[in-house]
Amino acid sequence: ITPTFGKISPGESLKLEFKIHVTNKTCWGLNSTDRLDDVLILHLDPNGPDIFIHISGTFQTTCFGNSLENLVLMHNPVRTYRVPISFEQKSPLLTVPKELSRVIDCLTERIDQQIINNNEEKLKEKENNNN
C-alpha cells in the first residue's frame, strides 16, 4: 500500500495505491474462487476509532497456478471457465495444453527468424570477403 502512512486534514483526500503480487502458490488458491474479499483497517487517530473498509474484487482465472492435468482438459480459453472449474468427462484430452503450445510456437518462430537472420549475415560477410 502506498503511502504506508501519512496525515490528511478534514476535507482533504488521499489516493491509496494497492499493488498485489500474485505467485504460483497464491494463484493456485485463487483459481478455485472468483471472489476476493478482505478488510482494510484504517487507523486515523491514535485516540480515535478504527475505520473498517471492506475491499472486494474479482479474480480472473488464469493458466498460471493450474496443473497440466487441468490444462489438457480445457478446450476453451482458461478465462472462459467459471470458478470452480468443472470439466465434462466426455471431452478428450488435449495432447499439449493450448497455453504451452502457444509458447512453443512463439519460441519456434523466433528461433527460425534468428537462424534466417544469422544466415543472411553470413552470406553478406562472404560476399564482402569475395570482393
Side-chain angles (χ1 to χ4, degrees):
I1 300 173
T2 305
T4 56
F5 62 92
K7 182 177 181 178
I8 56 173
S9 299
E12 292 182 336
S13 63
L14 177 69
K15 179 181 175 181
L16 295 176
E17 183 176 324
F18 293 84
K19 290 187 181 180
I20 301 171
H21 180 72
V22 179
T23 64
N24 276 343
K25 185 177 180 180
T26 56
C27 200
W28 185 270
L30 291 171
N31 277 327
S32 63
T33 180
D34 64 346
R35 296 293 308 157
L36 302 172
D37 291 303
D38 212 335
V39 175
L40 173 67
I41 302 171
L42 193 57
H43 186 72
L44 297 177
D45 181 16
N47 300 322
D50 291 339
I51 299 170
F52 297 88
I53 302 171
H54 181 259
I55 299 174
S56 63
T58 304
F59 180 76
Q60 292 185 339
T61 308
T62 175
C63 62
F64 298 104
N66 258 304
S67 66
L68 290 175
E69 291 83 6
N70 281 351
L71 292 174
V72 294
L73 293 169
M74 297 181 188
H75 291 262
N76 297 315
V78 175
R79 294 202 177 184
T80 62
Y81 289 88
R82 302 299 263 159
V83 177
I85 299 172
S86 60
F87 303 103
E88 295 179 18
Q89 303 235 345
K90 299 174 187 174
S91 61
L93 296 176
L94 297 173
T95 308
V96 176
K98 293 178 310 312
E99 294 77 12
L100 187 56
S101 178
R102 289 179 68 189
V103 169
I104 292 169
D105 288 346
C106 181
L107 287 173
T108 303
E109 183 178 310
R110 289 179 186 251
I111 289 170
D112 288 346
Q113 188 60 46
Q114 187 65 39
I115 291 170
I116 290 169
N117 291 343
N118 286 343
N119 286 339
E120 287 175 354
E121 287 176 17
K122 286 179 183 179
L123 284 173
K124 285 180 186 177
E125 286 178 19
K126 189 175 183 179
E127 287 175 6
N128 289 338
N129 290 338
N130 288 338
N131 292 333

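For the single chain, residues carry numbers from 1 onward in sequence order. Because the structure is predicted, anything quoted here is derived from the model rather than measured.
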Report task. Show your working on side-chain contact (heavy atoms from CB on, under 4.5 Å) between L93 and L73 and close with a plain yes or no. Result -> CA-CA 5 Å; L93 296 176; L73 293 169; 3.1 Å; yes
To the nearest 0.5 Å, what is the distance between [atom1] ([X]) and [atom2] ([Y])?
{"X": "K7", "Y": "E12", "atom1": "NZ", "atom2": "CD", "value": "9.5 Å"}
{"X": "H54", "Y": "D38", "atom1": "NE2", "atom2": "CG", "value": "8.0 Å"}
{"X": "I55", "Y": "L40", "atom1": "CD1", "atom2": "CG", "value": "4.5 Å"}

Which heavy atom of [X] sits nearest to which heavy atom of [Y], and what is that distance?
{"X": "V72", "Y": "E69", "value": "CG2-O, 3.3 Å"}
{"X": "S101", "Y": "V96", "value": "N-CG1, 3.9 Å"}
{"X": "E99", "Y": "C63", "value": "CG-CB, 3.6 Å"}
{"X": "I8", "Y": "S13", "value": "CG2-O, 4.5 Å"}
{"X": "L94", "Y": "M74", "value": "CD1-O, 3.2 Å"}

**Report entry** Under 3.5 Å donor-acceptor, N70 side chain and N66 backbone
**Finding:**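 No; zero donor-acceptor contacts below 3.5 Å.
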Query raised in the report: What do the steps show when you test I53 against I41 for side-chain contact (heavy atoms from CB on, under 4.5 Å), and what is the final call?
Result: CA-CA 6 Å; I53 302 171; I41 302 171; over 6 Å; no
Can you give each donor-acceptor pair under 3.5 Å made by side-chain atoms of residues 104-114, sequence neighbours left out, with the distance rounded to 0.1 Å?
unit_1: T108; atom_1: OG1; unit_2: I104; atom_2: O; d: 2.8
unit_1: Q113; atom_1: NE2; unit_2: N117; atom_2: OD1; d: 3.2
unit_1: Q114; atom_1: NE2; unit_2: N118; atom_2: OD1; d: 3.3

